[in-house]
Amino acid sequence: MVEKQINIGWSKTEMAQNVAMDIPDGSYVNLGIGMPEMVADFVPEGRELIYQTENGLLGMGAVPIAGQEDPELINAGKKPVTTIPGACFFHHADSFTMIRGGHIDVCVLGAMQISKQGDLANWSTGAANAIPAVGGAMDLVAGVKRILVITQHNTKDGKPKILNQCSYPLTGKGVVESIYTNLAIIDVKDEGLYVRKLGPNVDFEYLQKHTEAKLYQ
Amino acid sequence: MINKTVQSLAEAVQNIHDGATIMISGFGEAGSPIELIHALIDQGAKDLTVVSNNTGSGNVGLAALIEQRRVKKMICSFPRTANSTVFPELYNAGEIELELVPQGTLAERIRAGGAGIPAFYTPASVNTPLAKGKECRVFNGIEYVLEKGIKADFSLVKCELADRYGNLTYHATARNFGPIMCTAAKTSIVQARKIVEAGAINPEIVVTPGIFVNHIIEVSKPANESELVAQKLTYPW
């Protein structure tokens, strides 16, 4: 007898949708490389967001039509992009004046580990043979008003990513506002981690079992 | 008469000496002055310290300079990119030094160097390994780390338009580190896609004022790094 498979939690696109819902109209937004980039595809109708990419563009548009790519018009992930009408270019010191100076409203980042205090580790496992690379992540978490994290709830081998303490080197301490995983949306508060919404077919006990840090309802 | 135009790439880079600190513009291939880097490879200067956001890709441009064992130290924010194999191999073999700097701190260190600011406090990297050993200080209840400005002997920069005074404009996201690197180097060497008559660039849209630029050379059809990498080319050809 074949058991009917029950899908547990949200898909990646649904996770991106969850994040997009929480970004208000008129926000200046910086999206990290990878899954965070998907958020741009799910902005609810009627909202206008302006995307900043730290390599010097405010008003980043969609992916160009094949054959129309300009190797000198790229995003922080070094992929070809376009500009919206009303976009502007600037140099790196101005770009990080926007970021570090608190002018960007929201930044969406991926994560390797997050602690119950909102510490984020997303640049290095600290392994001796790894080539360390940090990019703009430390400046973003230090300066952007709201840091939202989008990540699978657990590592590929099932280990928890939401921990009491990060074991990897930090990107920033106490910087994460909310965590959007495939299993839940979790807000980081002074008193601890509060579950705002559970994914489809996820109950609180299941979520806690897959999370090292204590969760509150 | 002031005319910063030089006649060849070789002339543009002829004074770069062994042990020099060189800033190289670019974020990935956007804004990377490949032709100037190749001229530097031909010129022969070694034991260089290079300040650049990345470490190049494939076996051309900055990656080729590193592959030729001409760079003793990289100061950068993201030394591994798609197709960058040269730096990781040398780094793992202990043959090249790395000073890893958060990207915004790198930009501000260059800006500060150019602006005559010896050091500044930033919140980026506080409580991380990159702040280790650095002076920290609390302002208004927030902790900051002291970072030093960087100056260079030379900068190699790619721009769009230049005039004989060295006024520059850039193209799209190829601007990135170019303008600040021109300010922070004793000698800024710029390759322009086109050199135009003085006055042809509207003063309102000049991005780099000519005072920050020393030598300009026209490279009307600059190579795209990604195309050279796709063809698996190695410099010297």
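By convention in this document, chain letters (A, B, ...) are assigned in the order of the sequence lines, proteins followed by strands, and residues within each chain are numbered from 1.
- Contact count against chain A (heavy-atom pairs under 4.5 Å) is highest for B:Gln103 among B:Glu225, B:Gln103, B:Glu29.
- One finds a salt bridge joining B:Lys158 and A:Glu72 here, because a Lys/Arg side-chain nitrogen approaches an Asp/Glu carboxylate oxygen to under 4.0 Å.
- Within a 6.0 Å radius of NZ in A:Lys161, other residues, nucleotides and ligands contribute more than 12 heavy atoms.
- Interface remark: A:Ile99 contributes no atoms to any contact with chain B (heavy atom separation under 4.5 Å).
- In this structure, the portions of A:Phe89 lying under 4.5 Å from any heavy atom of chain B include both its backbone and its side chain.
- Of the residues considered (A:Leu57, A:Val81, A:Asp139), A:Asp139 shows the highest number of contacts with chain B, using heavy-atom pairs under 4.5 Å.
- Between B:Arg175 atom CZ and A:Asp94 atom CG the span is 8.5 Å, to the nearest 0.5 Å.
- No more than 12 heavy-atom neighbours from other residues, nucleotides or ligands sit within 6.0 angstrom of CG on A:Asp190.
- Using a 4.5 Å cut-off between heavy atoms, B:Leu106 does not touch chain A at all.
- At a 4.5 Å heavy-atom cutoff, B:Val207 makes no contact with chain A through either its backbone or its side chain.
- Annotation: A:Lys145, atom NZ; neighbour count of heavy atoms from other residues, nucleotides and ligands within 6.0 Å is above 12.
- B:Tyr91 is listed as a side-chain neighbour of A:Pro132, based on a closest heavy-atom distance under 4.5 Å.
- Of the two parts of A:Thr83, neither the backbone nor the side chain holds a non-hydrogen atom closer than 4.5 Å to a non-hydrogen atom of chain B.
- Side-chain atoms of B:Thr105 and A:Phe96, non-hydrogen and from C-beta on, never get closer than 4.5 Å to each other.
- Rounded to the nearest 0.5 Å, atoms OG (B:Ser125) and CG (A:Leu170) are 11.5 Å apart.
- A:Asp70 and B:His171 share a side-chain donor-acceptor pair at under 3.5 Å.
- In this structure, the side chains of A:Pro169 and B:Thr128 stay at 4.5 Å or more apart for every pair of heavy atoms.
- The CG atom of A:Asn55 sits 5.0 Å away from atom OG1 of B:Thr173, with the distance rounded to the nearest 0.5 Å.
- Interface check for chain B: of the options A:Gly135, A:Gly56, A:Ala93, the most heavy-atom pairs under 4.5 Å are formed by A:Gly135.
- Atom CZ of B:Phe120 has more than 12 neighbouring heavy atoms from other residues, nucleotides or ligands inside a 6.0 Å radius.
- One distance of note links CE of A:Met138 with CG of B:Asn127; it measures 10.5 Å at 0.5 Å rounding.
- Atom NZ of B:Lys134 is surrounded by more than 12 heavy atoms from other residues, nucleotides or ligands within 6.0 Å.
- Residues A:Val134 and B:Leu130 have side chains in contact (heavy-atom distance under 4.5 Å, counting atoms from C-beta outward).
- Atom CD1 of A:Ile65 sits in a sparse spot, with 12 or fewer heavy atoms from other residues, nucleotides or ligands closer than 6.0 Å.
- Looking only at distances, a side-chain donor or acceptor of B:Arg80 sits under 3.5 Å from a matching main-chain atom of A:Ile131.
- More than 12 heavy atoms of other residues, nucleotides or ligands shown are found within 6.0 angstrom of CE on A:Met38.
- Within a 6.0 Å radius of CD in B:Glu204, no more than 12 heavy atoms belonging to other residues, nucleotides or ligands are found.
- Interface with chain A: from residues 177-192 of chain B, residues B:Phe177, B:Pro179, B:Ile180 qualify, criterion being any non-hydrogen pair under 4.5 Å.
- Only the side chain of B:Phe87 comes within contact range of chain A, with at least one heavy atom under 4.5 Å from a heavy atom of that chain.
- Looking at B:Asn224, the atoms closer than 4.5 Å to chain A (heavy atoms on both sides) all sit in the side chain, from C-beta outward.
- B:Leu100 places a side-chain heavy atom less than 4.5 Å from the side chain of A:Trp123.
- No side-chain donor-acceptor contact under 3.5 Å links A:His92 and B:Glu108.
- Of all the listed residues (A:Lys173, A:Glu54, A:His91), the one sharing the greatest number of non-hydrogen pairs under 4.5 Å with chain B is A:His91.
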